[in-house]
2 protein chains.
Amino acid sequence: MENVKNLIQQRIKEKGLRITPQRYAVYANLLARCDHPTVEQILIEVNQDLPIASKASVYSALTVLREVGLVREILLDEGITRYDGRIDPHHHFVCVNCGSILDLEWDNFKDLPLQNLPTGIKGTSYEITVKGTCDQCGS
Amino acid sequence: MENVKNLIQQRIKEKGLRITPQRYAVYANLLARCDHPTVEQILIEVNQDLPIASKASVYSALTVLREVGLVREILLDEGITRYDGRIDPHHHFVCVNCGSILDLEWDNFKDLPLQNLPTGIKGTSYEITVKGTCDQCGS
DNA sequence: TTCGTTGTTGCACTTTAGTGCGATAGAATT
DNA sequence: AATTCTATCGCACTAAAGTGCAACAACGAA
């Protein structure tokens, strides 16, 4: 528990960022969950127990955390920027019924033949979005 | 040339939609291009030679064309809905340098092992976004 | 502990995608 | 050609993400 806290603080510090309660809370919230929240969701959850971060601060924290590579944006539905605390390569699963979003391990779909692309195009990375039904919604 | 026009009209009619110059222009524009324009881009191009469709009409046409399955939305960057005149399964390539978007054929990455997903999850479809550098931007 | 630097706050503001509406125009069926 | 139903038009409006700002707070180095 305590070392989780230290880990988070260390990661933020390593990147040359000041550690503030707001940044800590935003990053910790992202790491603690397996889904991929919107700014709005983060804002609500972070302030659930007691008010700790304003809207401007959450945006600011997410921006700076993204700039140093601790979090990343992902794009899974219309016009909504979601954030992801995992920065290692992985894929995503979207339930077509309830909309829930899950991580899929990189190893599930690795070694795609990127050399078979049209002439002149160099593929360097890829990301797969699988659609289907999740555990709860399964037929 | 003439048969392309007939083909487009027939496709719209088949779906039980009235053929209007606006719908025709929007759909023809989408079919004629290989990129994946935003509503804004479609609006501009369709009215390039002479004004033919208002903003409301372009939105309306895209909505109804999407509802009947003639076009589909795709989501490749932040908060911008793009449209795609191809409805058969295919993948996308995004140039990290110039942002251009290209289609990749389905056969490039087919037969992904969807059976290896976590328990309870049923994958029914997938889509791959490859990132890299395109012909113009190639190193 | 002090102090300089940087971050936070709240709120109003900007921006932009998208919608609603009533009047007009036009497609298709007969 | 007449009729009916539906689409389009322009434009103002909504909705919602995100930004700017200036006063204030607080992190952390010394």
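Predicted, not measured: the structure shown is a model, and the values here were computed from it. Chain naming here is simple, since letters A, B, ... match the order of the sequence lines and numbering starts at 1 in each.
The residue B/Ala61 sits apart from the nucleic acid: no heavy atom pair falls under 4.0 Å. Residue contacts for B/Thr38: at a heavy-atom cut-off of 4.0 Å it reaches no nucleic acid atom on any strand shown. Heavy atoms of B/Ile12 sit nowhere under 4.0 angstrom from any nucleic acid atom.
For the segment residues 39-51 of chain B, the set of residues with a heavy atom within less than 4.0 Å of an atom of DNA chain D is empty.
Under 4.0 angstrom from either OP1 or OP2 of C/dG18 there lies at least one side-chain N or O belonging to B/Thr81. When the side-chain nitrogen and oxygen atoms of B/Ser54 are compared with OP1 and OP2 of D/dT8, none of them lie within a distance under 4.0 Å.
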Whether each nucleotide of nucleotides 20-30 of chain C has a protein heavy atom under 4.0 Å at its base (B), only at its sugar-phosphate (S) or at neither (-) is summarised, 5' to 3', as B-----BBS--

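Think of A/Leu102 as one node in a network of Ile, Leu, Val, Met, Phe, Trp and Tyr side chains linked at under 4.5 Å; its network also takes in A/Phe93, A/Leu104, A/Trp106, A/Phe109, A/Leu112, A/Leu114, A/Leu117, A/Ile121, A/Tyr126, A/Ile128, A/Val130, B/Phe93, B/Leu102, B/Leu104, B/Trp106, B/Phe109, B/Leu112, B/Leu114, B/Leu117, B/Ile121, B/Tyr126, B/Ile128, B/Val130. The hydrophobic side chain of B/Val96 is isolated, with no ILVMFWY side chain under 4.5 Å apart from it. Membership of an apolar cluster is not assigned to A/Ile44, as no side-chain contact below 4.5 Å to another ILVMFWY residue is traced.
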Step-by-step salt bridge (charged side-chain N to carboxylate O under 4.0 Å, His left out) determination, B/Arg86 to B/Asp88: CA-CA 6 Å; B/Arg86 280 187 64 174; B/Asp88 61 310; 2.8 Å; yes

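In this structure, A/Val68 is a member of the same hydrophobic cluster as A/Val26, with clusters built from ILVMFWY side-chain heavy atoms closer than 4.5 Å.
Under the rule for a side-chain hydrogen bond (donor to acceptor under 3.5 Å, both in side chains), B/Ser100 has no partner lying at least two apart in sequence or in another chain. The side-chain hydrogen bond (donor to acceptor under 3.5 Å, both in side chains) test applied to B/Asn108 returns no partner, not counting sequence neighbours.
Note: OH (A/Tyr59) to P (C/dG10) measures 16 Å, nearest angstrom. Atom C1' of nucleotide D/dT6 and atom CD of B/Glu67 are separated by 15 Å, given to the nearest angstrom. Rounding to whole angstrom units, CD of residue A/Glu73 and P of D/dG18 are separated by 8 Å. Regarding A/Gln22, its CD atom lies at a distance of 11 Å from the P atom of C/dG7, rounded to whole Å.
Judged by atom type and distance alone, B/Lys55 reaches the base of C/dG18 through a side-chain donor-acceptor pair under 3.5 Å.
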Got a list of side-chain donor-acceptor pairs under 3.5 Å for residues 15-22 of chain A, not counting sequence neighbours?
from	atom 1	to	atom 2	distance (Å)
A/Thr20	OG1	A/Arg23	N	3.1
A/Gln22	NE2	A/Ile52	O	3.1

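Residue pairs meeting the ring pair (Phe, Tyr, Trp, His ring centres under 6.0 Å) criterion with at least one partner in residues 31-65 of chain A, sequence neighbours excluded, are A/His36-A/His92.
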